[in-house]
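Report on the structure given below.
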Amino acid sequence: MTSDTTIASHDEPVLVLEPGRADKHYWMDLWRFRELFIILAWRDLSVRYKQTVIGVLWAIIRPFLTMVVFTVVFGGLAGLPSEGDAPYALMVFAGLLPWTLFANSLSEASNSLVDNANLISKVYFPRLVVPSAAMVTALVDFLISLAILAGLMVFYRYAPGPQILLLPAFTLLALLAALGPSLWLTALNVKYRDFRYTIPFIVQFGLYVSPVGFSSQTIPERWRALYGLNPMVGVIEGFRWCILGGEAPLFGTSFIVSLVVVAFFLWFGISQFRKMEKSFADLI
Amino acid sequence: MSDVVIKAEGLGKKYTIGHQAENGSYLALRDVLMENARGLWNKTRDLARGRPLIVGDTHEEMWALRDVSFEIRRGETVGIIGRNGAGKSTLLKVLSRITEPSAGRVTIKGRVASLLEVGTGFHPELTGRENIYLNGAVLGMTRAEIKRKFDEIVAFAEVERFLDTPVKRYSSGMYVRLAFAVAAHLEPEILVVDEVLAVGDAKFQKKSLGKMGEIADGGRTVLFVSHNMGAITSLVRNCLLLHNGELVTIGPPEQVVRQYLDRNSSLAQSIAQRTDRFGTGEIRFIDCVITDTLNGSPREDFFSQDDVYLTMTLLVKQEMKFWVSVQLVEVDSGRAIMLADTALHGLELRAREGEEVTLTLHFPAIRLLEGMYSVTLNVFEGSSIERCDRVSDAVRFTILPTDLYGVGRTVGSAQGVVHLEHEWLDVANQTLSRSK
C-alpha cells in the first residue's frame, strides 16, 4: 500500500506524528497560538464579569476585608511587630497582594484543563495555552487591588522608594511561582479528578504558613532558610521591600532558597505537564 | 503536480480500558489506591497459595486503529466511512494532532485545521459577535483573518439582527448556523471534518453541503467523515472504508460505499409489534424487508439503477381472498410517488386459516433519484375496499446520488424524483459525440 513516495519539504511545514516523538516546534507553536492565549484570557475575563452584580468590586472587597481582619488579629490582638515604621495595615496589604495573586492563579489554572475539556478533546493547540491564559484573570484582579494599595499609601502618607520600580519583576515571580505547581496539578487533575479538592486546602493552609498576616522578621533567623522552602516567602519579602523599603531581601537566605524552589517547581511542572499533555485528549 | 500531502504508515491507536473504572467516566485517585491495594492483596494471596501471578488482568487493550496505511494527494477530497466504532473519529483525531498515535507514523505537509464538532469553544454567555472571534481563534484563524471574513460569516449564518445577543438566547437552529458559518470560512491547506454536515434544517444542510463542495473545488485537501452516503458520493473523489479499526478499502466512492452497504446489512425491525395501524385485523402484516436480491439480506441504501425487492409477510386469521397495495412516499416532501397493487395486475390472492403468506414486489432498476423513501402497506379483503390492515412508514430506504451513465457525474435530487430511461438520438449523425 505504501509506495516509496517521500514528502519533500519546500516552503510548507512538514509534520511527523509518531508515538513518543518529542515535538521540536513546541515552543514555536506556542508562540503561533498567542492569539488563542489572548482570546481565551479575554473570554475568561468577560464571562467572569458578565453575570455579577458588582463585578470588578469583588477584586477590591475581598482583599480589603482580609486585610482589616489580619490587621486587627495579628497587629492588634496578637501585637506582632510591623516591618520598620510601616503601618501594620500597609504591611499586611503588601503581603496580601502577591499572596492573592498566587492563590487565585493557582486555583484558576489548576482547574483550567478540566473546565476546557471540550476544547482539549476537539482541537489541537499547545495545551500550555489553557492554564497560562487562565492566570490572566488573577493578574487583572491583582492590578485592580493595586489601586487599593495606592489608596492606602495615600491615606498613611507613605511614599515608596525607587525600589517600587522592581514591583513588576516580583509580580512575574509570583506568577511563575504559581505556574509551576498549577501545571502539575492541572495535568494530574485530568487523570485524577480529586486533585481539584487539594487546591482550596493548599490555598487556605498556605495563607497561614506564608508571611501574609505577619512580618517574616518574626521568624527566628536560624529558621529562615527552612522557611524559604515556601516559595511565597521570597515573593512576599520582595513585595514588601518594593513597597515599604527597608533592608533589601535579595541576598537573604530565605529569598535565595525561595528562588531555587520556584525554579525547581517551574521546571518540574513544565516537564510533568509535557509528559502528560499527549494523553489529555484520551483521558479528559 | 498532485503530490502526497498526508502519508500514513502502519498507523495504530491503542486505548486501555480499565474494567474497574467502568462506573465513572473518570478515575479518582481513591479508586486507584483502592485498586492497587486490592491488587497487592490478591497477589499476596495468590503467592501464598502458590498460584502464578497474572499481570494486567484488569486492563484490556483496545486498538481503535490498527495498521492503517494510505496516501492522500494535494487537492483531493477524501471520504471516510464505516460503522460506529470503526475508528473514523480516532483517525481524524490522530491526523489533527489531538491525540498521539500508538504505532506507526503520519507525515503531513501543510497546515491542518480540524472541525470535529461545530461550535467548539462557544460560550453561552458571550454574544454572537464575540463567539465568532472566540470560535475562529479556537479553530486556528488569526484575528485579522476573522475580521476580514466577519461580514461573510454573519451573512452566511443569517444572524445579522442577533449579533449582540448572547448565544444562550439563540434558537438551536441559529446557534448551529452561526457555528457552521465560522467553520466554513476556515482556509487551511488541509481540512479535517467530522460529521458536521448533519446539522441544521434541510435547507441549511443543503447550503452547508454546497459550501463543502466549494471548499473541495477550491483546491484544498479535505478529509471528511460522514454517515450521509449521499454526501460522500457527491462530494468525494476517493473514499476510505474502515472496519474495526482496520482499513478495508480505499477507492472510488461508489465502489467503496457499495462495499460498505453490503457489509452493513442491518436487520429491519419487525413490524409485527406496531400498534399504530388501522383495519379489521383479519389479515395483517407481520414483516417487511427491502433487499437488493430475492431472499437477500435487508438493506437501506441503494443507487438509482439498483434492483429493489420489497418482501412482506402477512398472517391470515381465517381463510379469505385479499389484495395488497404498496405506496411509495418521498419523505422530504411527503409526496406519493406511486402505488403498486395486486388488483391492478388482475391478481387474486387467497390464503388458508393461520397461514403466513410471503409476497415480494420487485422494482427492476428502480430509477428513483436521491432521497429517502417510505413504504406504506395496505391489505384489503376480497374484492372490497374493506381495509384489513394498514401500516404506514413500514420501512424506509434511501437512494444515493448515482453516476447513472458512468461518466463521473452523479444524478441526484436536483434532477428531480425519477429518472426515466431515455436516450439521445442524432439521426443525422452530425452533432453527437462522446466527450473523452
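Any value given below was found using the heavy atoms of this structure, including those in side chains, with hydrogens, waters and symmetry copies removed. Residue numbers start from 1 in every chain, and the chains themselves are labelled A, B, ... in the order their sequence lines are given, proteins ahead of strands.
More than 12 heavy atoms of other residues, nucleotides or ligands shown are found within 6.0 angstrom of CZ on A:Phe37. Counting non-hydrogen atoms of neighbouring residues, nucleotides and ligands closer than 6.0 angstrom, the CZ atom of A:Phe33 exceeds 12 such neighbours. Heavy-atom neighbours of A:Phe264 CZ from other residues, nucleotides or ligands within 6.0 Å: above the threshold of 12. Heavy-atom neighbours of A:Arg62 CZ from other residues, nucleotides or ligands within 6.0 Å: at or below the threshold of 12.
With rounding to the nearest 0.5 angstrom, the NE2 atom of B:His123 is 11.0 Å from the CG atom of A:Leu40. Between the OH atom in A:Tyr124 and the NZ atom in B:Lys93 there is a gap of 16.0 Å [rounded to 0.5 Å]. For the atom pair CZ of B:Arg111 and CZ of A:Arg32, the computed distance is 4.0 Å after rounding to the nearest 0.5 Å. From A:Arg43, atom CZ reaches atom CD of B:Glu125 across 12.0 Å, with rounding to the nearest 0.5 Å. Taking CG of A:Leu283 as the reference point, atom OH of B:Tyr15 lies at 9.5 Å (rounded to 0.5 Å). Taking CG from A:Leu17 and CD1 from B:Ile6, the interatomic distance works out to 10.0 Å, rounded to the nearest 0.5 Å.
Counting heavy-atom pairs closer than 4.5 Å to chain A, the top residue among B:Leu11, B:Leu139, B:Thr120 is B:Thr120. Between chain B and the residues A:Val129, A:Leu188, A:Ile39, the most heavy-atom pairs under 4.5 angstrom are made by A:Ile39. Between chain A and the options B:Val112, B:Leu95, B:Leu134, B:Val192, the largest number of non-hydrogen pairs under 4.5 Å is found for B:Leu134.
Contact check for A:Ser46 versus B:Leu126: side-chain heavy atoms found under the 4.5 Å cut-off. At a threshold of 4.5 Å between non-hydrogen side-chain atoms, the residues B:Thr99 and A:Lys278 do not count as touching. Counting heavy atoms from C-beta on, the side chains of A:Leu15 and B:Thr107 never come closer than 4.5 Å. For the pair A:Phe125 and B:Arg97, the minimum side-chain heavy-atom distance is 4.5 Å or more.
Only the backbone of B:Ser96 comes within contact range of chain A, with heavy atoms under 4.5 Å apart. Residue B:Thr127 touches chain A through both its backbone and its side chain, counting heavy-atom pairs closer than 4.5 Å.
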Between B:Arg105 and A:Glu18, is a salt bridge (charged side-chain N to carboxylate O under 4.0 Å, His left out) present by the stated rule, with each step listed?
CA-CA 5 Å; B:Arg105 173 221 290 257; A:Glu18 263 179 329; 3.7 Å; yes
Evaluation steps, side chain to side chain contact (heavy atoms under 4.5 Å, CB included), between B:Leu116 and A:Val123:
CA-CA 8 Å; B:Leu116 302 195; A:Val123 211; over 6 Å; no
Side chain to side chain contact (heavy atoms under 4.5 Å, CB included) assessment of B:Val106 paired with A:Val16:
CA-CA 6 Å; B:Val106 194; A:Val16 179; over 6 Å; no
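Annotation for A:Pro19 and B:Gly104: closest pair CD-O, 3.2 Å, computed over non-hydrogen atoms.
Residues A:Lys122 and B:Asp194 are not paired through a salt bridge, judged by the lack of any N-O separation under 4.0 Å between the basic side chain and the carboxylate.
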